[in-house]
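Written below as structure tokens is the structure these notes are about.
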Amino acid sequence: MSDLRETRLEKAEALRALGRQPYALRFGPTHRTAALQEAHADLPNGEERNLEVVVAGRVMTRRVMGKLAFFTLTDESGPIQLYLDKATLEGLEPGAFSQLTTLVDAGDLIGVSGSLRRTDRGELSVKVSSWTMLSKALQPLPDKWHGLADVEKRYRQRYLDLIVSPHTRETFRRRALLVSGIRRWLDERGFLEIETPVLQSVPGGADARPFETHHNALDLPLTLRIATELHLKRLVVGGFERVYELGRIFRNEGVSTRHNPEFTSVEVYQAYADYIDMMELTEQLIAAVCLQVCGSTAITYQGTAIDLAPPWRRATMHELVEQACGLDFTAMASRKEAAAAMEAQGLQVSPLADSVGRLLSEAFEQTVEANLIQPTFVLDYPVEISPLARPHRSKPGLVERFELFIVGRETANAFSELIDPIDQRERLESQQQRRAAGDLEAQGVDEDFLQALEVGMPPTGGLGIGIDRLAMLLTDSASIRDVIAFPLLKPEGRAEGRGEGRAEGRAALRESPPASHDPAQ
RNA sequence: GGGUCGCUAGCUCAGCGGUAGAGCACUCGGCUUUUAACCGAUUGGUCCUGAGUUCGAAUCUCAGGCGACCCA
């Protein structure tokens with residue numbers, strides 16, 4: 001409501017009139033609040049410690065009672081109580097107490113200095129002797145007790161969610177630890193992170209529709225990358241034996257609790273390795289970062305206990321499908337036979353699935369996937385759905401590929417990479433035909449990538465891990481939007497009305513005196 | 001793409017055909033040990049948007065917007 005905002009603007013002006021700037025330049029806290037809480041846990045109730053501390057943060061709650069007041073101040077590490085005693089504050093500066101209690105609102109950022117005192121009720125507090133306004137908030141905080149319950153508002157105004165929800169802060173803190181932990185683990189093992197282009201002429205490396213954009217100066221249509229795979233492989237051709245890239249991927253797809261159009265992956269390539277090596281790498285890497293982030297490899301996800309201690313279960317797709325629905329796809333001689341068997345089991349058969357291998361994959365999705373709760377490597381995929389993976393060393397029609405499933409979700413995908421340039425060309429051309437036939441997710445032919453393979457690529461193991469899904473797992477988050485700070489949402493319908501409000505606000509600000517921080521003055 | 005649910009004060013919510021409500025926040029007054037402080041008074045509304053039904057719509061109907069969840 002603009003009334004609340006007007007009141008706060010008036011308070012900002014009142015501060016200026018008193019010689020207190022509502023927006024400070026800098027401030028030097030001596031401590032974080034959590035460090036104080038920990039270091040002075042032994043301070044008895046009702047006693048004071050003769051130590052000068054300076055803390056800064058956001059005022060979360062105010063309790064004013066005449067000549068004494070208590071505020072809760074929160075910095076990134078957590079809260080601490082401010083003990084505001086009129087006699088102490090006004091001893092140094094007349095009016096300081098009443099200014100503090102009338103011109104500082106919940107939501108403002110302030111800095112205080114004072115000594116430490118534990119109140120009679122046992123709350124460690126900074127007994128404030130002086131205070132500084134650091135940033136005057138014009139908007140009120142959400143309800144201090146209920147917080148921000150509106151899920152949509154939590155996503156649209158994540159800053160509010162972060163201010164009032166410690167749990168949300170912890171989620172993004174853990175995500176940051178996860179990302180840095182993965183990089184550190186790989187760096188320590190000699191992997192180099194090399195950045196590859198986001199803007200590409202030929203999207204490749206995955207089956208997905210890309211976002212399309214345009215380069216003006218070159219008058220060139222471009223797409224945002226749907227994978228980092230083909231460029232990282234070029235780097236392996238170039239002689240880097242261990243490379244990775246952790247970064248943003250863009251796929252022009254729907255939004256769900258498991259999909260955001262932009263998401264984060266890490267792809268890892270190791271020369272002279274195969275998919276067996278990548279399985280080991282995957283479980284070691286994920287177990288290590290889980291231990292760092294969660295303190296244990298035994299975690300709980302949405303009420304289910306998950307054990308990420310290696311080694312993890314390994315089973316072929318054929319075995320898992322047979323166990324789940326009794327269908328032995330190794331015995332299926334034709335698509336027709338496989339389709340009939342699936343329909344007899346009550347499974348859905350898509351007309352787009354034009355081979356035994358694609359039907360196997362559909363049967364897997366329908367009968368197995370959701371039940372793979374504990375970490376499971378699913379091995380040996382049909383070649384038709386794996387155009388970049390090497391043919392299996394002993395199983396015709398299959399490739400050396402695994403996907404990792406945890407809590408029913410695909411979390412990683414890896415191959416013994418296909419390095420035979422002739423085979424690769426045939427596979428991509430076959431993809432191209434599907435594309436021409438209307439499969440918008442089928443890959444195109446990247447001639448430069450094929451050229452690179454012809455120069456000679458060492459046998460290589462490659463791996464991709466979905467960082468967002470891993471973050472969901474390690475933060476016990478039900479939706480991918482809970483682990484993406486600013487998930488994609490449609491613009492609000494009421495944007496016009498709000499825009500007008502903001503325009504008024506800017507105009508109002510311009511009416512205030514000329515900026516005193518102009519260096520020319 | 002289909003289904004279910006939601007959208008009312010800054011926040012959290014009630015109201016479900018008859019004057020638009022509560023708690024917190026805000027404003028004012030009181031209060032030197034509170035921590036969802038308390039006590040008293042006041043203020044605050046495009047009931048998501050539009051159309052329809054009706055003497056009368058936040059409430060019923062239809063269409064649309066945004067979101068959540070489930071299914072594909």
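Reminder, nothing fancy here: chain letters follow the sequence lines and each chain counts from 1.
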What interatomic distance, in whole Å, is found between [atom1] of [M] and the corresponding atom of [N]?
| N | M | atom1 | answer |
| --- | --- | --- | --- |
| rG65(B) | rC48(B) | C1' | 7 Å |
| rU53(B) | rC11(B) | P | 34 Å |
| rG3(B) | rC62(B) | P | 13 Å |
| rC16(B) | rG6(B) | C1' | 15 Å |
| rC13(B) | rG45(B) | C1' | 15 Å |
| rU59(B) | rC47(B) | C1' | 10 Å |
| rG15(B) | rG67(B) | P | 26 Å |
| rC60(B) | rA22(B) | C1' | 26 Å |

Would you mind telling me which of [options] lies closest to the side-chain atoms of [X]?
| X | options | answer |
| --- | --- | --- |
| Arg156(A) | rC13(B), rC66(B), rA36(B) | rC66(B) |
| Asp143(A) | rC24(B), rA36(B), rA37(B) | rC24(B) |
| Phe70(A) | rU33(B), rG23(B), rU32(B) | rU33(B) |
| Pro142(A) | rC11(B), rA68(B), rU33(B) | rC11(B) |
| Thr7(A) | rA68(B), rU27(B), rA36(B) | rU27(B) |
| Lys67(A) | rC11(B), rA72(B), rU32(B) | rU32(B) |
| Thr257(A) | rG67(B), rC70(B), rC11(B) | rC70(B) |
| Asp120(A) | rU33(B), rC31(B), rU12(B) | rU33(B) |
| Ala87(A) | rG67(B), rU32(B), rC69(B) | rU32(B) |
| Asp3(A) | rC66(B), rG44(B), rC11(B) | rG44(B) |

Would you please confirm or rule out a distance under 4.0 Å between OP1 or OP2 of [N] and any side-chain N or O of [X]?
| X | N | value |
| --- | --- | --- |
| Arg481(A) | rC69(B) | yes |
| Lys144(A) | rA25(B) | yes |
| Lys153(A) | rC11(B) | yes |
| Lys86(A) | rU32(B) | no |

Do Arg63(A) side-chain and rU32(B) base share a donor-acceptor contact under 3.5 Å?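 No, the side chain and the base share no sub-3.5 Å donor-acceptor pair.
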Between [X] and [Y], is there a side-chain N and carboxylate O pair less than 4.0 Å apart?
| X | Y | result |
| --- | --- | --- |
| Glu93(A) | Arg20(A) | yes |
| Asp105(A) | Lys11(A) | yes |
| Glu152(A) | Arg156(A) | yes |
| Glu123(A) | Arg118(A) | no |
| Asp150(A) | Arg154(A) | no |
| Arg8(A) | Glu10(A) | no |
| Asp439(A) | Arg209(A) | no |

With a 4.0 Å cut-off on heavy atoms, is [X] in touch with a base, just the backbone sugar-phosphate, or nothing at all?
| X | answer |
| --- | --- |
| Gly147(A) | sugar-phosphate |
| Val164(A) | nothing |
| Lys127(A) | nothing |
| Tyr155(A) | sugar-phosphate |

Rounded to the nearest angstrom, tell me the gap between atom [atom1] in [X] and atom [atom2] in [N].
| X | N | atom1 | atom2 | answer |
| --- | --- | --- | --- | --- |
| Leu68(A) | rU35(B) | CG | C1' | 12 Å |
| Ile480(A) | rA68(B) | CD1 | P | 13 Å |
| Leu4(A) | rC28(B) | CG | C1' | 15 Å |
| Arg117(A) | rU32(B) | CZ | P | 16 Å |
| Glu152(A) | rA68(B) | CD | P | 7 Å |
| Leu124(A) | rU35(B) | CG | P | 18 Å |
| Met60(A) | rA25(B) | CE | C1' | 13 Å |
| Leu103(A) | rC26(B) | CG | P | 13 Å |

Its dot-bracket string being built from Watson-Crick and G-U pairs below 3.5 Å, with | for another strand and [ ] for crossing, RNA chain B has the pattern ((((((((.[[[[.)..(..]]]]..((((.......))))......[[[[[..)....]]]]]))))))).
Of Arg8(A) and Leu141(A), whose closest RNA chain B nucleotide lies nearer the 5' terminus?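 This one resolves to Leu141(A).
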Residue whose closest nucleotide on RNA chain B lies nearer the 5' end, Arg62(A) versus Thr72(A):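 Looking at RNA chain B, the more 5' nearest nucleotide goes with Arg62(A).
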Take Ser355(A) and Glu384(A) through the test side-chain hydrogen bond (donor to acceptor under 3.5 Å, both in side chains) and record every step on the way to the result. CA-CA 8 Å; Ser355(A) 69; Glu384(A) 305 93 295; 2.6 Å; yes
Partner of Thr30(A) by side chain to side chain contact (heavy atoms under 4.5 Å, CB included), out of Leu36(A), Val53(A), Leu51(A):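 Single side chain to side chain contact (heavy atoms under 4.5 Å, CB included) partner of Thr30(A) among Leu36(A), Val53(A), Leu51(A): Val53(A).
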Centroid separation Phe329(A) to Phe364(A) less than 6.0 Å: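 They do not qualify: ring centres at least 6.0 Å apart.
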